[in-house]
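Since we're looking at a predicted model, the values are computed, not measured. Indexing begins at 1, ligand by ligand and atom by atom, following the structure's order. Heads up: numbering here begins at 1 and tracks the sequence.
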Amino acid sequence: MKVIVADDYEIMSREAAKIVAAEIRKKPDSVFALPTGGTPLGLYAELIRMHKEEGLDFSRVSTFNLDEYIGLPDGHESSYSFYMYDRFFNHVNVSRDKIHIPRGLAKDPEEEAATYEWAIKRAGGIDFAVLGIGRNGHIGFNEPKTEFGSLTRPIYLAKRTIEANARFFDGDPDSVPRQAISMGIRTIMNARKVILLASGPEKSRAINQTIHGPVTEMVPSSVLQLHPDCTFFLDRDAAGELKPSPNGFIPGSGTRSMVY
Ligand code: PGA
């Protein structure tokens with residue numbers, strides 16, 4: 001695993017955006033898995049800047065969001081669909097018919113999840129997955145104890161996740177939906193390349209467990225130790241508890257890179 005520790009959130013976001021842009025330039029029809037939440041906002045802002053100022057072209061890119069809440073009314077401002085259009089899609093030239101987000105209002109969430117998984121396969125699989133991480137080590141909405149063999153399916157949110165996400169619902173945990181549709185661990189692990197972004201001290205424990213702990217379903221992100229091409233982008237706070245790599249580090253401008 002490669003770990004890039006940036007001096008701050010802005011540098012972390014820019015470094016991650018460079019890797020995403022390099023993927024699009026190398027393979028313009030790349031299939032991406034995309035996250036929501038607070039962490040990737042800087043990455044999306046930088047990609048929008050690259051589109052506007054440097055002509056980064058998203059027209060052939062396909063996107064699959066990692067997850068969506070079940071049951072929020074159409075257009076709800078805390079839905080991940082609203083987030084993605086508001087924060088990213090409306091500002092770049094991603095083709096609308098290449099955007100995929102699980103439909104949280106589907107009549108049959110099981111069927112919606114299976115159709116979503118199938119759509120990923122039909123698109124040729126995920127080339128490049130961008131992940132955040134929960135304080136409990138969740139990736140997508142795959143909470144602790146999720147089977148590593150899981151595919152896209154309806155899930156229940158963990159209590160800690162509901163509490164953490166209440167900030168997107170006017171601070172009210174009771175307004176956070178209890179269920180979501182999420183890509184599974186296997187869906188994510190099948191991606192050819194994975195990057196994970198983490199910022200802030202509240203993620204430092206999960207990051208250390210992910211990189212140094214045992215590979216266990218109790219810490220879903222620990223499965224990434226088994227991925228052949230996975231890079232972590234951290235700010236200093238998120239890397240706060242990370243043990244140094246026995247291989248030392250490569251200094252860069254505003255970053256240090258380590259291989260574990
Ligand atoms: P955050 O969420 O970026 O809002 O911290 C990450 C996650 O829960 O996966």
For this session: Answer yes if the side chains of Thr187 and Glu117 hold a donor-acceptor pair under 3.5 Å, and no otherwise.
Result: yes

For this session: Please go through Tyr80's hydrophobic cluster and name the other residues, only I, L, V, M, F, W, Y counting, with side-chain heavy atoms under 4.5 Å joining them.
Result: Tyr69, Leu72, Phe141, Ile155, Leu157, Ile162, Phe168, Phe169, Val176

Could you give the N/O to N/O pairs under 3.5 Å linking ligand 1 and the protein, each with its distance?
{"from": "ligand 1", "atom 1": "3 (O)", "to": "Gly38", "atom 2": "N", "distance (Å)": "3.3"}
{"from": "ligand 1", "atom 1": "3 (O)", "to": "Thr39", "atom 2": "N", "distance (Å)": "2.9"}
{"from": "ligand 1", "atom 1": "3 (O)", "to": "Thr39", "atom 2": "OG1", "distance (Å)": "2.4"}
{"from": "ligand 1", "atom 1": "4 (O)", "to": "Gly38", "atom 2": "N", "distance (Å)": "2.8"}
{"from": "ligand 1", "atom 1": "4 (O)", "to": "Arg167", "atom 2": "NH2", "distance (Å)": "2.7"}
{"from": "ligand 1", "atom 1": "5 (O)", "to": "Lys203", "atom 2": "NZ", "distance (Å)": "2.6"}
{"from": "ligand 1", "atom 1": "8 (O)", "to": "His138", "atom 2": "NE2", "distance (Å)": "2.7"}
{"from": "ligand 1", "atom 1": "9 (O)", "to": "His138", "atom 2": "NE2", "distance (Å)": "3.3"}

Exercise. Heavy-atom count around Arg192 CZ within 6.0 Å, excluding the residue itself: above 12?
Worked result: yes

Problem set entry | For Asp108, side chain to side chain contact (heavy atoms under 4.5 Å, CB included) partners two or more places apart | Glu110, Glu111

For this session: Using salt bridge (Lys or Arg N to Asp or Glu O under 4.0 Å) as the criterion, list what pairs up with Lys2, not counting sequence neighbours.
Result: none

For this session: Please check if atom NZ in Lys27 has more than 12 non-hydrogen atoms from other residues, nucleotides or ligands closer than 6.0 Å.
Result: yes

